[in-house]
There are 2 protein chains.
Amino acid sequence: MSEDKNIRKAGLKVTLPRVRILEIFEQSKERHLSAEDIYNKIRESGDEVGLATVYRVLTQFESAGILMKQNFEDNFSVYELVSDDHHDHMVCIDSGKVIEFKNDLIEEEQDKIAKEHGYKIVDHKLVLYVKPLDGEK
Amino acid sequence: MSEDKNIRKAGLKVTLPRVRILEIFEQSKERHLSAEDIYNKIRESGDEVGLATVYRVLTQFESAGILMKQNFEDNFSVYELVSDDHHDHMVCIDSGKVIEFKNDLIEEEQDKIAKEHGYKIVDHKLVLYVKPLDGEK
DNA sequence: TTTACTGCAAACTGTTTGCAGTAAA
DNA sequence: TTTACTGCAAACAGTTTGCAGTAAA
């Protein structure tokens with residue numbers, strides 16, 4: 001399967017935890033998953049893995065450019081599959097739903113701002129915390 | 001002093017830890033301080049406070065609208081004095097320096113994006129991670 | 001004098017690490 | 001057979017909480 005290719009390409013051995021983790025990202029309707037999320041999903045499916053292993057594999061996949069780490073909340077991180085097109089996030093504080101969006105104008109403006117201050121952008125993070133327009137209180 | 005007023009206004013007793021913490025925010029050249037930063041500064045000045053107290057007071061000041069919490073990094077949080085004018089942050093990944101900026105165009109665009117998706121913005125977070133333009137490696 | 005506040009230590013949460021065993025190559 | 005990988009438990013870092021004592025009002 002294609003998962004195996006990606007794992008090998010990263011110079012990693014093809015093991016159950018790694019395959020399962022990639023599968024979960026590819027199959028889950030949620031794009032954004034935490035270490036716990038993944039740990040639970042694997043467990044529910046009957047396989048045995050350690051939480052520590054999940055953390056280790058997530059880190060490895062991040063360095064390999066397969067996953068990307070996101071820190072929305074105070075405490076914990078979520079990961080998502082890296083896709084070629086950059087996007088930012090909108091988090092609904094009522095439902096927890098995460099929506100991705102992209103806006104070139106904002107991107108350009110950011111570059112300008114950095115340049116004006118004598119810097120170049122290495123990375124950036126834009127998260128909008130939102131509520132539904134139709135006031136459901 | 002003005003610190004006392006702010007503390008009283010928040011319905012809190014005027015105590016040494018609270019006064020010192022506010023003083024530190026008002027006197028420090030850094031606008032953004034972590035619990036540890038503050039703890040150390042108070043200690044260095046000879047006063048005795050517990051780290052737990054610092055955390056408690058920061059939280060109280062946040063609910064009172066005196067301070068605002070910011071989470072730039074994975075692990076820990078920094079606080080800054082609330083000012084009326086909104087701004088975003090630029091963090092230099094070489095020096096750790098934090099620069100504040102404001103851009104109306106970006107703000108407007110954000111509102112538009114949220115609206116297009118049927119949401120209104122409650123809060124947002126924009127952080128640019130940057131490096132100096134003149135490549136000092 | 002009353003009640004909010006404090007310092008301390010112990011508890012918590014998400015994450016990382018050491019280690020001896022296990023399995024991919 | 002070699003060496004990367006794993007699970008487990010113990011360790012971590014930042015933060016929170018319970019409690020008995022202390023001080024602001």
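Order of the sequence lines sets the chain letters (A, B, ...), proteins ahead of strands, with each chain counted from 1. Just the heavy atoms: all of them, side chains too, but no hydrogens, waters or symmetry mates, feed the values below. The shown structure was predicted, so the numbers you read here are calculated from the model rather than taken from an experiment.
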What is the distance from [atom1] of [X] to [atom2] of [N], rounded to the nearest Å?
X        : N       : atom1 : atom2 : result
Asp47(B) : dA23(D) : CG    : P     : 14 Å
Ile38(A) : dG14(C) : CD1   : C1'   : 14 Å
Leu58(B) : dG14(D) : CG    : P     : 15 Å
Leu33(A) : dT15(C) : CG    : P     : 13 Å
Glu36(A) : dT13(C) : CD    : P     : 11 Å

I need the [X] [atom1] to [Y] [atom2] distance, nearest 0.5 Å.
X         : Y         : atom1 : atom2 : value
Ile21(A)  : Tyr79(A)  : CD1   : OH    : 10.0 Å
Arg31(B)  : Ser83(B)  : CZ    : OG    : 5.0 Å
Phe25(A)  : Glu30(A)  : CZ    : CD    : 11.0 Å
Asn103(B) : Glu108(B) : CG    : CD    : 9.0 Å

Worksheet item: Got a sec, which residues hit side-chain hydrogen bond (donor to acceptor under 3.5 Å, both in side chains) with Arg8(B), two or more places apart in sequence or on another chain?
Response: none
Worksheet item: With distance as the sole criterion, is a donor-acceptor pair present between the side chains of Ser45(B) and Arg20(B) under 3.5 Å?
Response: yes
Worksheet item: Tyr55(B) side chain N/O closer than 4.0 Å to the phosphate oxygens (OP1, OP2) of dT15(D)?
Response: yes
Worksheet item: Reckon Ser77(B) has a side-chain N or O less than 4.0 Å from the OP1 or OP2 of dT15(D)?
Response: yes
Worksheet item: Could you spell out the base pairing of DNA chain C in dot-bracket, with Watson-Crick or G-U pairs whose two distances are under 3.5 Å, [ ] crossing and | to another strand?
Response: |||||||||||||||||||||||||
Practice prompt. Only one of Glu107(A), Lys102(A), Glu100(A) passes side-chain hydrogen bond (donor to acceptor under 3.5 Å, both in side chains) with His86(A); say which it is.
Written response: Glu107(A)
Worksheet item: Quick one: do Glu44(A) and Lys41(A) make a salt bridge, cutoff under 4.0 Å?
Response: no
Worksheet item: What one-letter contact string describes nucleotides 4-9 of chain D from 5' to 3', where B marks a base within less than 4.0 Å of any protein heavy atom, S marks contact via sugar-phosphate atoms alone, and - marks no contact?
Response: SSSBBB
